[in-house]
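What follows is one structure encoded as structure tokens, with my remarks underneath.
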There are 2 protein chains.
Amino acid sequence: MASSDPVYLRVVADIRRQIVDGSLPPGAPIPSRAQLTRKYGVGETAARHALRVLTSEGLIVGRVGSGHYVRARPVLLPLHRWRFHDPYAPLGSDITAQGARATWERRVERTEATPDIAQRLRLDGPAPVTRVRYVFRGDGRPVQLATSYEPADLGEPAAEENPRGLIARLAAFGVKVTEIVEQVYTRVPQPPESDVLALPTGVHVLHVERTHWAGDRPVETSDIVVPGDRFRLVYTHAVQP
Amino acid sequence: MASSDPVYLRVVADIRRQIVDGSLPPGAPIPSRAQLTRKYGVGETAARHALRVLTSEGLIVGRVGSGHYVRARPVLLPLHRWRFHDPYAPLGSDITAQGARATWERRVERTEATPDIAQRLRLDGPAPVTRVRYVFRGDGRPVQLATSYEPADLGEPAAEENPRGLIARLAAFGVKVTEIVEQVYTRVPQPPESDVLALPTGVHVLHVERTHWAGDRPVETSDIVVPGDRFRLVYTHAVQP
DNA sequence: GGCAGCGATTTGGAGCCCCAACTTTGCGAT
DNA sequence: ATCGCAAAGTTGGGGCTCCAAATCGCTGCC
């Protein structure tokens with residue numbers, strides 16, 4: 001942190017340090033704009049810019065009329081992604097396990113594969129696919145969005161069916177799921193997501209692209225979107241002896 | 001997007017929409033501050049605030065003296081986390097597989113377990129632990145940070161040893177790793193990380209907390225930090241018949 | 001003692017301005 | 001035709017101000 005750095009960064013760095021090393025615990029008040037200008041000898045612009053950066057980093061929250069406060073360490077609810085695949089656990093049991101009431105809705109649609117989805121399912125051209133959109137809620141608050149695509153000729157999922165039903169339905173077609181590949185990365189939430197998941201600005205989402213394979217053929221692909229700072233994806237791998 | 005929203009959000013929403021729907025492709029120039037004030041009929045403050053928000057979201061980059069541009073869609077290099085465990089693949093082979101030259105450094109230290117680490121390793125009190133810090137590079141650019149902790153009485157890792165060596169070393173103590181549990185979430189990079197990984201502001205990181213279990217006992221825990229928008233973690237799970 | 005209401009503070013939106021450093025462009029001279 | 005340079009445009013830091021809405025503490029009244 002050279003002294004030639006912009007002054008607002010000096011303020012940001014100093015406050016951030018106090019937050020991460022714990023000398024400013026969650027809930028502690030941050031000096032107001034006016035106090036910061038005096039304390040650090042900076043202008044008001046620098047002071048408010050520093051507060052905005054810290055806010056957009058999710059470290060503090062501002063309450064109009066009151067002040068800025070260190071944000072409560074987000075409750076990192078583990079979401080056991082594995083349960084989603086587990087043929088024995090009911091849908092949403094990862095949420096229930098946290099003591100929250102799990103609910104979910106889904107919408108089944110028949111549509112054409114977009115180029116992106118066609119490529120992921122190794123379909124040639126715009127073949128018909130079944131799209132299922134899920135919203136998972138814990139205690140009524142949405143915690144996870146998922147969109148699943150499968151070739152339409154696999155038959156429609158039954159109304160009350162769990163996603164795991166896919167494996168059973170495929171088995172009826174003589175197709176056995178042998179491998180699941182997931183790609184995880186972060187990105188900025190897109191318009192419908194930030195509304196549905198009620199995301200504050202500055203929060204990124206975890207995007208999971210999952211594909212079920214039967215031999216060398218993909219038979220289902222889905223996108224799972226989770227607020228990245230509130231939930232953990234938990235992966236459990238058994239080590240083969 | 002009600003009309004009572006702050007005007008800068010109107011600008012943000014409009015530009016963001018054009019970026020995500022592709023009418024502003026990667027590399028396309030964003031109107032300058034002066035142009036935005038004219039185009040949207042807003043003040044300069046609102047225009048620059050809008051650009052700052054979009055920048056902190058990682059959607060655009062500003063080049064001093066030139067302008068703001070839609071950020072090149074990040075090259076999402078898959079990082080096969082699984083390779084990290086694979087006893088047959090050499091360390092860094094996930095990076096090599098992308099056509100990049102993989103290098104890595106590590107620093108081995110003996111230290112006291114912090115309360116957090118002691119809890120993760122189920123140690124009572126501040127027991128001595130071995131801490132190993134890794135920096136992984138692809139073509140010289142850092143792509144991943146990792147910090148590994150294990151109880152000190154397991155013996156020091158050999159100088160050229162791969163992380164997988166842990167499993168072999170544990171076997172020598174009669175301890176067999178049976179399960180690996182990983183928790184994945186996003187967070188804001190902390191001071192040393194943003195420097196080492198050369199992260200622009202607004203980029204979040206993927207944080208992976210991994211613990212190796214031998215029966216019901218944790219024998220190693222590590223924190224892996226990856227720039228969340230540039231790399232994908234890839235998980236491959238074989239489905240048991 | 002309890003409570004209502006007023007005034008001081010605070011955030012967040014918005015406007016305008018100045019300046020240094022850098023890039024781009026176009027003009028003019030060779 | 002090419003080169004160099006100056007002017008214009010652009011970002012990013014920083015400053016100052018005004019205002020609406022919300023909050024909080026304190027004072028004074030009942």
Side-chain angles (χ1 to χ4, degrees), chain A residues 1-16 19 24 27-72 194 199-203, chain B residues 1-16 19 24 27-72 194 199-203:
Chain A
M1 199 57 52
S3 59
S4 64
D5 274 340
V7 290
Y8 84 88
L9 275 187
R10 256 189 36 230
V11 182
V12 168
D14 192 52
I15 297 177
R16 181 165 43 204
I19 293 175
L24 278 176
I30 303 292
S32 73
R33 259 162 34 186
Q35 290 172 314
L36 286 179
T37 59
R38 285 196 296 274
K39 181 172 176 192
Y40 293 93
V42 299
E44 216 204 277
T45 310
R48 68 161 44 188
H49 190 21
L51 290 172
R52 190 145 45 193
V53 168
L54 288 165
T55 304
S56 88
E57 287 184 353
L59 289 174
I60 64 177
V61 278
R63 272 200 287 283
V64 170
S66 173
H68 283 94
Y69 301 88
V70 179
R71 211 169 139 203
S194 32
L199 299 174
T201 58
V203 170
Chain B
M1 198 56 57
S3 61
S4 65
D5 274 340
V7 290
Y8 84 88
L9 276 188
R10 255 189 37 227
V11 182
V12 168
D14 192 52
I15 297 177
R16 182 164 43 202
I19 294 176
L24 279 176
I30 302 292
S32 71
R33 264 169 18 193
Q35 290 173 314
L36 287 178
T37 59
R38 284 196 297 274
K39 180 172 176 192
Y40 292 93
V42 300
E44 212 204 281
T45 310
R48 67 162 44 188
H49 191 22
L51 290 172
R52 193 149 42 195
V53 168
L54 288 165
T55 303
S56 88
E57 286 184 354
L59 289 175
I60 64 177
V61 278
R63 274 200 286 283
V64 169
S66 173
H68 282 95
Y69 301 88
V70 179
R71 216 167 135 203
S194 32
L199 298 175
T201 57
V203 170

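In what follows, chains carry the letters A, B, and so on, assigned in the order in which the sequence lines appear, proteins first and then strands, with residues in each chain numbered from 1. The figures that follow rest on heavy atoms only: side chains count, while hydrogens, waters and symmetry mates do not.
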Revision key, fill the gap. dist A/Ile15:CD1 -> A/Lys39:NZ (nearest 0.5 Å) comes out at 7.0 Å
Practice item. Would you kindly give the CG-to-P distance between B/Leu9 and C/dA14, to the nearest whole Å? Key: 8 Å
Point to revise | Interatomic distance, A/Thr45 atom OG1 to A/Arg52 atom CZ [nearest 0.5 angstrom] | key: 9.5 Å
Check your understanding: Which atoms form the tightest heavy-atom contact between B/Thr37 and B/Ala47, and what is the distance?
Key -> CG2-CB, 4.0 Å
Practice item. Measure the distance from CD on A/Gln35 to C1' on C/dA8 and round it to the nearest whole Å. Key: 14 Å
Exercise for review: Begin with the C-alpha distance, continue with both residues' side-chain angles, and end with the deciding distance and a verdict on side-chain contact (heavy atoms from CB on, under 4.5 Å) for A/Leu36 and A/Leu51.
Suggested key: CA-CA 10 Å; A/Leu36 286 179; A/Leu51 290 172; 3.9 Å; yes
Check your understanding: Nearest 0.5 Å, what's the CG-NE2 distance between B/Leu54 and B/His49?
Key -> 10.5 Å
Review point. Using a heavy-atom distance cut-off of less than 4.0 Å, which residues of residues 37-44 of chain B contact DNA chain D?
Key: none
**Study point:** Presence of donor-acceptor pair under 3.5 Å, side chain of A/Arg48 and base of C/dG13
**Key:** yes
Point to revise | Beyond-backbone contact of B/Ile60 with B/Ile19, side-chain heavy atoms, under 4.5 angstrom | key: yes
Review point. Under 4.0 Å between a side-chain N/O of B/Tyr8 and OP1 or OP2 of C/dG13, yes or no?
Key: yes
Check your understanding: For B/Ser32 and D/dG9, is the shortest distance between a side-chain N/O and OP1 or OP2 below 4.0 Å?
Key -> no
Exercise for review: Give the rounded distance in Å between these two atoms: CG of B/Leu54 and C1' of D/dG12.
Suggested key: 16 Å
Review point. B/Arg52 has an atom CZ; how far is it from atom P of D/dT10, in whole Å?
Key: 18 Å
Review point. What about A/Thr45, does its side chain sit under 3.5 Å from the base of D/dG15 through a donor-acceptor pair?
Key: yes
Practice item. By nearest nucleotide on DNA chain D, pick out whichever of A/His49 and B/Ala34 is the more 5' one. Key: B/Ala34
Exercise for review: May I have the distance from B/Arg33 (atom CZ) to C/dG15 (atom C1'), rounded to whole angstrom?
Suggested key: 13 Å
Review point. Can you name the nearest heavy-atom pair linking B/Tyr69 to B/Gly27, along with the distance?
Key: CD2-O, 3.4 Å
Point to revise | DNA chain D base-pair string [pairs: Watson-Crick or G-U under 3.5 Å; |: paired with another strand] | key: ||||||||||||||||||||||||||||||
Review point. Got a sec? Which of residues 60-70 of chain B come in under 4.0 Å of DNA chain D, heavy atoms?
Key: B/Gly62, B/Arg63, B/Val64, B/Gly65, B/Ser66, B/Gly67, B/His68
Check your understanding: Between A/Ala46 and A/Tyr8, which heavy-atom pair has the shortest distance, and what is it?
Key -> O-CB, 3.6 Å
